[in-house]
Amino acid sequence: TLLFNAAYCLVVAAYEPATYPLFGALYGVATLSAIASSYFAANAEFMSFKLVSINGKKQVVEKKMTRSLERENLALDGTIDEYKSRTARFFRTTFVSDFFRRNSKSAENSQAVLLLFAVSLGVSLVTGVVAYFIVGGMVGALASFLLVFMLSFPSFTLLSHKLSYYRSEKESLVEDSTVIGETSYYDYAGVDVVTFEDTEIFGKDDVALQRVMLYGDKQNFTKALKQMSALFTLLGGPLDYIFANALEKRVPPAEHAYVEADGIRGEVEGVTVYAGTEEYMRRYGIVIPSDTMGAKDKVYDTTRVMYAAEAGRVYAKFYLRYSFSEEYTMLLPLLKEAGMVTLVYTRDPNVNNDLVHKLTTGEDIIRVMHKTVPLSEDRKIYPRISAGIVTLGDKTNAINMLLLSKKYVKFQKTLRSTATAAAAAGGAAAILLSLFGVFGVPTLFLALWQAAWVGVLAFLIRGAFPAGKRRNQKEIRQTLPAVIDRRKD
């Protein structure tokens, strides 16, 4: 644009026409848009850097193709498109790497921008040639060419990505989170599988021990609780809390434990103890006493029966009622609307696809994958991880960032359509003015046309990312200091 304007000024100076239009105001709007673009990009990156550089543990969201995760892919069979599916997993780290590399990537669609530029240039050239014969003279032809070019290429396209990224970063701060680089939005927008630990969908108060049936010595109740606590200390999950909370103090974990999808065995005080489903007991040849309660075991669809055994015989049955936590219940419809499947990691022998299928009233939107390693082997804080989404909050904050990524990419598609409409309208108006009265319209009014589209852009972006509606601007500016103080505490 600068070169075209310079060439036009040289021609005007050479021909010395009596009257000629000036396009400084139009060029000024484009220049201010470019400057504002750099300003908002720098501010967004700085806000992101301040959050990422806070000392202490952070949670990051890792994205991988689901087909590259063998066990997860098998567990999700039938619910995803294996070729396109992406899975989000969550890890803890003390340092997030590749910050500058991610921010150096451009998220703007270069092909779309070049196409818009080429179309605008082509229409401008044709209009200039026609104007040479209709309007007359080189000055009229160049004026028409320059006017069509500058009105058919909306100035707000220079600002659309950077202002969107800046506003979305403010939205992220509300979640005590950040997205590193605009390209990360596009990376995570394709996520359709979200992983959860079982304790994140079944809270401490959402799994209830309804009753216990003992066989043989009725004094075995305390022993049964101790043995179950010793086993599930290794597995974690809601059952660990239930059994540990039923005792006055923690018991040592079981030794030589072996974990399977439907049960666990280990040595407690020198005795091999089993805990698991009926199928698990029968597989190991453990005797299950016959009783008259079998017909009532399935009265409640979300109640599960877990057996405890030692010396080759079942000595206790635990009836456990499961329900989703309030937090996950609120997230579930949002995940469903976004087309995202939940994959639950668990070591609980009672949690399986049948249970979550009943809890969702028959919808196949949750799958279960059993881990077969003790909890102590799975808890790890990584020294450094490269990731595009970082949060200082909880799982809900991280999920909201994934949803924000989807919204961001969808919004950018809307802006592309808006840019096309603005280019068509501006180009048509410029052609008419060029051929039928360009010299009679002050270019300041034409600059207001471009400025008005910048205002439309700001309005659309503010509506799409309304961080200020949940917190005023003063609170947003105070977000990072508040987060830092919490981390220090």
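No side-chain donor-acceptor contact under 3.5 Å links Thr372 to the backbone of Val259. Judged by distance alone, the side chain of Lys63 and the main-chain N or O of Ala88 form no donor-acceptor pair under 3.5 Å. Judged by distance alone, with hydrogens and angles left aside, the side-chain atoms of Arg347 form a donor-acceptor pair with the main-chain N or O of Val373 at under 3.5 Å. A donor-acceptor pair is defined here as one N or O able to donate and one able to accept, closer than 3.5 Å; such a pair exists between the side chain of Arg71 and the backbone of His370. The main-chain N or O of Tyr241 is never found under 3.5 Å from a side-chain atom of Asn245 such that the two would form a donor-acceptor pair. Put simply, the side chain of Arg102 gets close to the backbone of Ala387: a donor and an acceptor are under 3.5 Å apart. With hydrogens and angles ignored, the 3.5 Å screen pairs a side-chain donor or acceptor of Thr418 with a backbone N or O of Thr414. Between the side chain of Asn73 and the main chain of Leu69, no donor-acceptor pair closer than 3.5 Å is present. Side-chain atoms of Asn353 come within 3.5 Å of backbone atoms of Val368 as a donor-acceptor pair (strictly under, hydrogens ignored). The closest donor-acceptor contact from the side chain of Lys58 to the backbone of Thr94 lies under 3.5 Å.
In this structure, the separation between CZ on Phe465 and CD on Glu169 is 10.5 Å, given to the nearest 0.5 Å. A distance of 8.5 Å separates CD1 of Ile389 from OG of Ser177, quoted to the nearest 0.5 Å. Atom CD1 in Ile180 sits 8.0 Å away from atom OG in Ser386 (nearest 0.5 Å). In this structure, Asp348 CG and Leu239 CG are separated by 4.0 Å, a value rounded to the nearest 0.5 Å. Summarising the geometry, atom CG belonging to Asn397 is positioned 11.5 Å from atom CG belonging to Leu402; distances are rounded to the nearest 0.5 Å. Glu62 CD to Arg89 CZ: the interatomic distance, rounded to the nearest 0.5 Å, is 4.5 Å.
Qualifying side chain to side chain contact (heavy atoms under 4.5 Å, CB included) partners for Ser229, counting only residues two or more places apart in sequence or in other chains: Thr233, Phe243, Ala244, Leu247, Val251. Residues meeting the side chain to side chain contact (heavy atoms under 4.5 Å, CB included) test with Val268, sequence neighbours left out: Gln227, Ala230, Ala254, Val273. With sequence neighbours excluded, the residues satisfying salt bridge (charged side-chain N to carboxylate O under 4.0 Å, His left out) with Lys358 are Asp354.
The two residues Met306 and Met228 come nearest to each other via the heavy atoms CE-SD, 4.1 Å. Across Ala425 and Trp449, no two heavy atoms sit closer than the pair CB-CZ2, 3.9 Å. For the pair Val61 and Ala398, the tightest heavy-atom approach, listed with the atom from each and the gap, is CG2-CB, 4.1 Å. Counting all heavy atoms, side chain and backbone alike, Ala30 lies closest to Leu158 at O-CD1, 3.5 Å. Minimum interatomic distance between Lys407 and Ala464 (heavy atoms only, all atoms of both residues): NZ-O, 2.9 Å. Closest of all the heavy-atom pairs between Met281 and Gly276 is CE-N, 3.5 Å.
The shortest distance between side-chain heavy atoms of Asn103 and Phe99 falls below 4.5 Å. Counting heavy atoms from C-beta on, the side chains of Glu72 and Val193 never come closer than 4.5 Å. Proximity of Asp198 to Pro238: side-chain heavy atoms (C-beta onward) are separated by under 4.5 Å at one or more points. Using a 4.5 Å heavy-atom cutoff, the side chains of Thr87 and Lys64 are not in contact.
Looking only at atom types and distance, the side chain of Tyr345 has no donor-acceptor partner in the side chain of Glu200 under 3.5 Å away. Neither side chain, Arg384 nor Thr93, offers a donor N or O lying under 3.5 Å from an acceptor on the other. Inspection of the Thr66 and Ser85 side chains reveals an N or O donor paired with an N or O acceptor under 3.5 Å.
Among residues at least two apart or in separate chains, side chain to side chain donor-acceptor pair (under 3.5 Å) pairs with a member in residues 251-260 are Glu260-Arg283, Glu260-Tyr284. For residues 74-96, the ring pair (Phe, Tyr, Trp, His ring centres under 6.0 Å) pairs, not counting sequence neighbours, are Phe91-Tyr382.
At a threshold of 4.0 Å, the pair Lys223-Glu310 counts as salt-bridged, since one of the basic side-chain nitrogens sits closer than that to a carboxylate oxygen. Using a 4.0 Å cut-off between charged side-chain N and carboxylate O, Arg67 and Glu82 make no salt bridge.
The cationic atom of Lys162 (NZ for Lys, CZ for Arg) does not lie both less than 6.0 Å from the six-membered ring centre of Phe40 and within 45° of the ring axis.
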- Item | Audit row: Tyr165, Tyr408, side-chain contact (heavy atoms from CB on, under 4.5 Å) steps and yes/no | CA-CA 9 Å; Tyr165 181 45; Tyr408 187 93; 3.8 Å; yes

- Query: Checking side-chain contact (heavy atoms from CB on, under 4.5 Å) for the pair Phe156/Val456: CA distance, chi angles, key distance, verdict?
  - Reply: CA-CA 9 Å; Phe156 78 82; Val456 170; over 6 Å; no

- How far apart are the C-alpha atoms of Val212 and Leu225, what are their side-chain angles, what is the distance that settles it, and do they pass the side-chain contact (heavy atoms from CB on, under 4.5 Å) test? CA-CA 10 Å; Val212 180; Leu225 293 178; 5.8 Å; no

- For salt bridge (Lys or Arg N to Asp or Glu O under 4.0 Å), just list the numbers for Arg250 and Asp240, CA-CA rounded to whole Å, side-chain angles, deciding distance to a tenth of an Å, and then say yes or no. CA-CA 10 Å; Arg250 278 275 188 178; Asp240 177 30; 2.9 Å; yes

- Task: Output, in order, the C-alpha distance, side-chain angles, deciding distance and verdict of side-chain contact (heavy atoms from CB on, under 4.5 Å) for Met401 and Val179.
- Result: CA-CA 8 Å; Met401 296 308 297; Val179 175; 3.4 Å; yes

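Side-chain rings of Phe324 and Phe202 approach one another, their centers coming within less than 6.0 Å.
Counted within 6.0 Å of CG on Asp205, heavy atoms from surrounding residues, nucleotides or ligands total 12 or fewer; the atom is thus considered open.
When the options Ile201, Thr199, Val351 are evaluated for a side-chain contact (heavy atoms from CB on, under 4.5 Å) with Thr346, the one that passes is Val351.
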Contacts table for residues 325-344: side-chain donor-acceptor under 3.5 angstrom, sequence neighbours left out:
| from | atom 1 | to | atom 2 | distance (Å) |
| --- | --- | --- | --- | --- |
| Ser325 | OG | Tyr328 | N | 3.2 |
| Tyr328 | OH | Thr342 | OG1 | 2.8 |
| Thr329 | OG1 | Ser325 | O | 2.7 |
| Lys336 | NZ | Glu363 | OE1 | 3.4 |
| Lys336 | NZ | Glu363 | OE2 | 2.4 |

